[in-house]
Amino acid sequence: MAAHPSGNQFEIRSGDTVATVVEVGGALRELTVGGRQLLDGYSADEVCVGARGQSLLPWPNRIKDGRYTWRGEEQQLAVTEPEQNCAIHGLARWVNWNCAKRGSDSVVMTYRLPPQTGWAWTLELMIEYVVDATGITVRTTASNSTDTAAPFAAGAHPYLAVGLDRIDGATLHVPAASYLPTGAQQIPTGVEPVEGTPYDFRSPRRLGDTHIDYAYADLDRDADGVFRASLTGEWTAEIWLDAAYRYFEVFTGDTLPPDKRRTGLGVEPMSGPPNAFGSGIDVVSLEPGQTWTGAWGIRQR
């Protein structure tokens with residue numbers, strides 16, 4: 001029997017909540033609560049398109065020209081987005097992860113990221129998925145097992161679904177005061193207030209035909225340090241980020257293949273901004289033996 005393009009499938013459930021995690025990329029392929037799809041994912045027989053449900057490690061988004069300098073040494077990564085001449089979304093999306101532990105409502109996926117061209121360190125990566133009655137919690141851990149400090153940033157790339165064929169009719173709420181406009185190669189040119197721009201969704205409003213592919217900053221958090229954004233259509237899908245994730249990318253999917261375009265809303269927790277390795281902004285210096293942990297989740301409300 002032919003293998004699924006995304007490898008082995010690991011279904012977990014709690015009550016009416018069901019999620020499927022896959023071997024390739026250790027990714028989250030689907031999530032339903034009470035029979036309602038909260039993710040615009042992909043079938044077991046499809047290759048993932050648009051980074052749907054993938055984790056972005058050891059960096060999210062783009063690195064300009066695939067080049068960066070760390071501790072005085074220049075590094076050149078493979079350019080994995082030729083049209084922008086960038087290295088995009090890390091090094092762990094298309095490798096087979098190991099299912100280290102599995103319960104009825106949880107699964108732990110692990111991967112040892114080895115040194116390679118443009119990347120000189122070994123990281124022990126772990127993603128734990130846990131479902132409950134309202135949705136899923138995703139906890140990512142990265143440990144440095146080399147003897148020098150490694151640059152690190154983390155991200156994830158789910159797409160929210162709210163029962164609509166297209167997201168144009170959905171209501172978006174992103175309580176963030178700033179965004180990062182981009183220039184050539186979709187690399188940030190600075191930080192600007194959202195006020196007075198088409199990207200101000202601090203008050204919930206209809207998305208319409210607005211095209212968005214930007215990171216938001218200055219996230220409004222609750223007393224526990226949690227940021228929450230939501231998309232509402234036939235139902236509401238809410239994504240939350242803990243304090244480890246300082247940026248939140250929104251992607252309306254306008255550059256995807258026609259059959260995937262604007263069918264779901266890309267929502268990306270990110271610990272650092274686009275081109276973090278290139279700019280040095282909010283890059284974690286992961287010291288030898290040190291561990292980084294961050295959590296995010298999606299729920300129906």
Side-chain angles (χ1 to χ4, degrees), residues 28 31 33 38-40 55-56 59-61 132 134-140 152-162 167-182 186-208 210-233 235-253 264-276 279 281-284 292-301:
L28 179 62
L31 173 66
V33 177
L38 298 191
L39 283 186
D40 182 31
S55 289
L56 317 178
W59 76 84
N61 214 285
D132 60 23
T134 62
I136 194 166
T137 295
V138 183
R139 186 173 300 277
T140 300
F152 180 79
H157 209 309
Y159 288 69
L160 299 181
V162 289
I167 56 176
D168 302 51
T171 296
L172 177 61
H173 183 209
V174 181
S178 302
Y179 82 107
L180 279 60
T182 58
Q186 288 184 264
I187 299 301
T189 57
V191 181
E192 299 289 342
V194 297
E195 187 170 359
T197 76
Y199 315 116
D200 187 353
F201 289 89
R202 290 174 295 174
S203 296
R205 63 183 177 88
R206 186 176 180 272
L207 183 59
T210 305
H211 291 200
I212 310 174
D213 191 2
Y214 296 117
Y216 286 84
D218 297 314
L219 309 182
D220 186 11
R221 300 177 182 271
D222 64 21
D224 294 326
V226 176
F227 167 79
R228 304 176 193 276
S230 63
L231 188 71
T232 301
W235 51 82
T236 295
E238 178 185 87
I239 181 167
W240 59 267
L241 286 57
D242 76 3
Y245 294 101
R246 303 188 62 178
Y247 301 85
F248 180 67
E249 181 99 2
V250 174
F251 175 46
T252 48
L265 182 71
V267 287
E268 305 169 42
M270 302 192 305
S271 68
N275 196 41
S279 68
I281 297 171
D282 286 327
V283 176
V284 173
W292 178 95
T293 299
W296 59 274
I298 295 172
R299 70 184 185 104
Q300 179 184 292
R301 66 166 177 80

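Source: prediction; values computed, not measured.
- Atom CG of Leu219 is separated from atom CZ of Phe248 by 8.5 Å, given to the nearest 0.5 angstrom.
- For the side-chain contact (heavy atoms from CB on, under 4.5 Å) test, residues two or more places apart in sequence or in another chain that qualify with Asp218 are Ala177, Ser178.
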| So Thr137 and Trp240, side chain to side chain contact (heavy atoms under 4.5 Å, CB included) or not? Walk me through it. | CA-CA 9 Å; Thr137 295; Trp240 59 267; 3.6 Å; yes

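- For the atom pair Leu172 CG and Thr210 OG1, the distance stands at 9.0 Å (nearest 0.5 Å).
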Could you list the donor-acceptor pairs under 3.5 angstrom formed between side-chain atoms of residues 294-301 and any protein atom two or more places apart in sequence or on another chain?
{"residue": "Arg299", "atom": "NE", "partner": "Glu238", "partner atom": "OE1", "Å": "2.7"}
{"residue": "Arg299", "atom": "NH2", "partner": "Glu238", "partner atom": "OE1", "Å": "3.3"}
{"residue": "Arg301", "atom": "NE", "partner": "Glu238", "partner atom": "OE2", "Å": "2.8"}
{"residue": "Arg301", "atom": "NH2", "partner": "Ser230", "partner atom": "OG", "Å": "3.2"}

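- Rounding to the nearest 0.5 Å places OG1 of Thr293 at 9.0 Å from CG of Asp242.
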Quiz: residues 269-276 side-chain donor-acceptor pairs under 3.5 angstrom, not counting sequence neighbours:
{"residue": "Ser271", "atom": "OG", "partner": "Ala154", "partner atom": "N", "Å": "2.8"}
{"residue": "Asn275", "atom": "OD1", "partner": "Lys64", "partner atom": "N", "Å": "3.0"}

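- The nearest pair of heavy atoms linking Ile239 to Pro158 is CD1-CG, 4.2 Å.
- Leu180 is listed as a side-chain neighbour of Val191, based on a closest heavy-atom distance under 4.5 Å.
- For the residue pair Gly169 and Arg206, the shortest heavy atom distance occurs at CA-NE, 3.9 Å.
- Residue pairs meeting the salt bridge (charged side-chain N to carboxylate O under 4.0 Å, His left out) criterion with at least one member in residues 193-204, sequence neighbours excluded: Asp200-Arg202.
- For Asp222, the salt bridge (Lys or Arg N to Asp or Glu O under 4.0 Å) partners two or more places apart in sequence, or in a different chain, are Arg228.
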| request: Please step through side chain to side chain contact (heavy atoms under 4.5 Å, CB included) for the pair Val174 and Val267, ending with a clear verdict. | output: CA-CA 10 Å; Val174 181; Val267 287; over 6 Å; no

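- For Arg221, the salt bridge (Lys or Arg N to Asp or Glu O under 4.0 Å) test picks out no residue, with sequence neighbours left out.
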| task | Please lay out, stage by stage, how Val33 and Trp235 fare under the test side chain to side chain contact (heavy atoms under 4.5 Å, CB included). | result | CA-CA 11 Å; Val33 177; Trp235 51 82; over 6 Å; no

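- With sequence neighbours excluded, no residue satisfies ring pair (Phe, Tyr, Trp, His ring centres under 6.0 Å) with Phe251.
- With rounding to the nearest 0.5 Å, the separation of CG in Asp213 from CD in Gln186 is 5.0 Å.
- Nearest heavy atom pair, residue Trp59 against residue Asn61, reads NE1-O, 3.3 Å.
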| Passes side chain to side chain contact (heavy atoms under 4.5 Å, CB included), Leu241 versus Tyr247? Steps please. | CA-CA 9 Å; Leu241 286 57; Tyr247 301 85; over 6 Å; no

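- Between Leu160 atom CG and Ile167 atom CD1 the span is 9.5 Å, to the nearest 0.5 Å.
- Thr134 and Leu38 get closest at one heavy-atom pair: O-CD1, 4.5 Å.
- Under the salt bridge (charged side-chain N to carboxylate O under 4.0 Å, His left out) criterion, no residue pair touches residues 169-179, with sequence neighbours excluded.
- Under the rule for a ring pair (Phe, Tyr, Trp, His ring centres under 6.0 Å), the partners of Tyr199 that lie at least two apart in sequence or sit in another chain are Tyr179, Tyr214.
- Expressed to the nearest 0.5 Å, how far CG of Asp220 lies from CZ of Phe227 amounts to 8.0 Å.
- With sequence neighbours excluded, the residues that form a ring pair (Phe, Tyr, Trp, His ring centres under 6.0 Å) with Trp292 are Phe152, Tyr245.
- With sequence neighbours left out, Asp168 forms a side-chain contact (heavy atoms from CB on, under 4.5 Å) with Arg166, Asp209, Arg262.
- Residues that satisfy the side chain to side chain donor-acceptor pair (under 3.5 Å) test with His211, not counting sequence neighbours, are Asp254.
- Taking both residues in full, the closest heavy atoms of Val162 and Leu231 are given as CG1-O, 3.1 Å, listed atom of the first, atom of the second, then distance.
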